[in-house]
Structures are given as structure tokens and as C-alpha cells.
S.K.: 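There's a structure below that I have some questions on.
Source: prediction; values computed, not measured.
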Amino acid sequence: VYTTMDDHDNALQCYSEALEESHKLGDEKTGTALQNQLLNKIAVIHVTNKQYGTAADFLEKALDYQKNVQTSIHGDLLGMMHQLGTTYTLSGDIDKAIECYRECLETCQDLYGGVTSEITSTLCNLAILYHVKACIQEDGEDAEEEYLSEAHHCYQEALKLSPKSEVNVQYANFLYQ
């Protein structure tokens, strides 16, 4: 209720208290799943408050919990990894964001093996971040070409998976910059 009323301080207090109480649950799987959700909700509030570093800390904890949970909630894991990548992107930590999206891509491929919207989205996010990395390189650094090549590769892989999608527009924008 506090979250919908934009009363973030009280929402954080309630989520934090619930998190403490969740450690007292007897069923480990239920407790872990609940702790994961609470940590994720706390992180969302911190993102809303533009406290990206704090949000990333909570998402890292949630990710640790999530990795220990059964396969029934792998979708939450991928969503959380995407959110963590987005949070690092918003905070300006491009290297951490790339790391998160890379891990998300590997996990998604391990879980589903084939074409999914998550893989396409992750590849596009990686392409954008590699393009940003290329743009912020100092003059004379050889890494710029490598990052542009990675961006190009990610877009091409996304197009193979989803040729009739928004990937075409993103890739076209990348090529004509």
C-alpha cells in the first residue's frame, strides 16, 4: 500500500521488517522465495529514489537467493538479472551492466536453449552497452573497434533470433550513427 502511495520510507520499513521476519519461517524454500521477493521490492524502491548503488546491493542479495531456489522460479531469476543490468546501466556502471547481461544471456540459453524474447532483448541491451563503451573510449585506445565489433555481433545474433522485430530499427540506428 505504501508503495502505491509513493510513501517510500514507510514501504522500505515494512519490507525490511518483513524481511527480518521471513528468516524465522520454518520452510527454507518458502523463506528463500519470500526473501528474494522482498529484496527485489526494496531494490525497486531504491531505483525509484535514484539510489542505484543501494538498489544494486539489494538486487545482488536477491540474485544470490534466487540462484539457490528451484527451477520453478527461473523466470524471476532472468527478470532480476535484467533489472540488475538496467540498474547498473542507470547508475553509469557499464562494465557491471555488461557483466549482468552476459550472465543473463548464459542463464537464458542454459534454461531455454532456443529462441526467446529474453535472449533477443538481452542481446540488444548488450549491443547498446558495447556501443556506449566504444563511444566513451579515449582517443588512441584500440578497444573502440573491439566494442563496436561486439555491438555489431550482438545485433546480428538478435536479428537471427527475431528477424521481424524492433531489433531491425535498433540495428539500423546503430549502423547509421
S.K.: What residues, two or more places apart in sequence or in another chain, satisfy side chain to side chain contact (heavy atoms under 4.5 Å, CB included) together with Gln13?
M.R.: Asn10, Glu17
S.K.: Which pair of non-hydrogen atoms, one from Tyr101 and one from Gly85, has the smallest distance, and what is that distance?
M.R.: OH-C, 3.5 Å
S.K.: Could you tell me the separation between the CD atom of Gln137 and the CD atom of Glu145, rounded to the nearest 0.5 Å?
M.R.: 12.0 Å
S.K.: Start with the C-alpha distance between Thr48 and His8, add both sets of side-chain angles, then the distance that settles side chain to side chain donor-acceptor pair (under 3.5 Å), and finish with yes or no.
M.R.: CA-CA 9 Å; Thr48 301; His8 299 145; 5.1 Å; no
S.K.: State plainly whether one hydrophobic cluster holds both Phe58 and Tyr15, where clusters connect Ile, Leu, Val, Met, Phe, Trp and Tyr through side-chain heavy atoms under 4.5 angstrom apart.
M.R.: yes
S.K.: Mind checking whether Leu105 and Ile94 sit in one hydrophobic cluster, side chains of I, L, V, M, F, W, Y counted as touching below 4.5 Å?
M.R.: yes
S.K.: When rounded to the nearest 0.5 angstrom, what distance separates SG in Cys154 from CG in Leu159?
M.R.: 11.5 Å
S.K.: When rounded to the nearest 0.5 angstrom, what distance separates CD in Glu60 from CG in Leu39?
M.R.: 11.5 Å
S.K.: Under a 4.5 Å cut-off applied to non-hydrogen side-chain atoms, are Asn36 and Lys61 in contact?
M.R.: no
S.K.: Taking only residues two or more places apart in sequence or in another chain, which ones pass side-chain hydrogen bond (donor to acceptor under 3.5 Å, both in side chains) with Thr87?
M.R.: none
S.K.: Taking only residues two or more places apart in sequence or in another chain, which ones pass ring pair (Phe, Tyr, Trp, His ring centres under 6.0 Å) with Tyr130?
M.R.: none
S.K.: Taking all heavy atoms of Ile98 and all of Leu126, pick out the closest pair and write down the distance.
M.R.: O-CD2, 3.8 Å
S.K.: Rounded to the nearest 0.5 Å, what separation is found between the CG atom of Leu19 and the NZ atom of Lys41?
M.R.: 13.0 Å
S.K.: Quick check on the hydrophobic clustering: are Tyr147 and Leu123 connected, directly or via other members, by side-chain heavy-atom contacts under 4.5 Å?
M.R.: yes
S.K.: So Cys108 and Thr122, side chain to side chain contact (heavy atoms under 4.5 Å, CB included) or not? Walk me through it.
M.R.: CA-CA 9 Å; Cys108 197; Thr122 302; 5.8 Å; no
S.K.: Any luck finding a side-chain donor-acceptor pair between Thr86 and Tyr52 under 3.5 Å?
M.R.: no
S.K.: Just how far is it from atom CD of Glu157 to atom NE2 of His152, taken to the nearest 0.5 Å?
M.R.: 10.5 Å
S.K.: Could you tell me which residues satisfy ring pair (Phe, Tyr, Trp, His ring centres under 6.0 Å) with Tyr88, sequence neighbours excluded, listed by chain and number?
M.R.: none
S.K.: Starting at CG of Leu84, measure out to CE of Met81 and round the result to the nearest 0.5 Å.
M.R.: 8.5 Å
S.K.: Would you say Leu129 ends up clustered with Ile119 if hydrophobic residues are merged whenever their side chains have heavy atoms under 4.5 Å apart, either directly or through other cluster members?
M.R.: yes
S.K.: If you compare all heavy atoms of His131 against all heavy atoms of Ala151, which two are closest, and at what distance to 0.1 Å?
M.R.: N-CB, 4.0 Å
S.K.: Output the rest of the hydrophobic cluster of Val44: all Ile, Leu, Val, Met, Phe, Trp and Tyr residues reachable through side-chain heavy-atom contacts under 4.5 Å, sorted by chain and number.
M.R.: none
S.K.: Identify the two heavy atoms, one from Cys124 and one from Ala158, that lie closest to each other, and give their separation to 0.1 Å.
M.R.: SG-CB, 4.0 Å
S.K.: Determine the minimum heavy-atom distance between Ala11 and Ile45, stating which atoms define it.
M.R.: CB-CD1, 3.6 Å
S.K.: Which pairs, with at least one residue in residues 89-99 and sequence neighbours excluded, count as a side chain to side chain donor-acceptor pair (under 3.5 Å)?
M.R.: Asp95-Lys133
S.K.: Taking all non-hydrogen atoms of both residues into account, name the closest pair between Leu59 and Ala43 and its distance.
M.R.: CG-CB, 3.4 Å
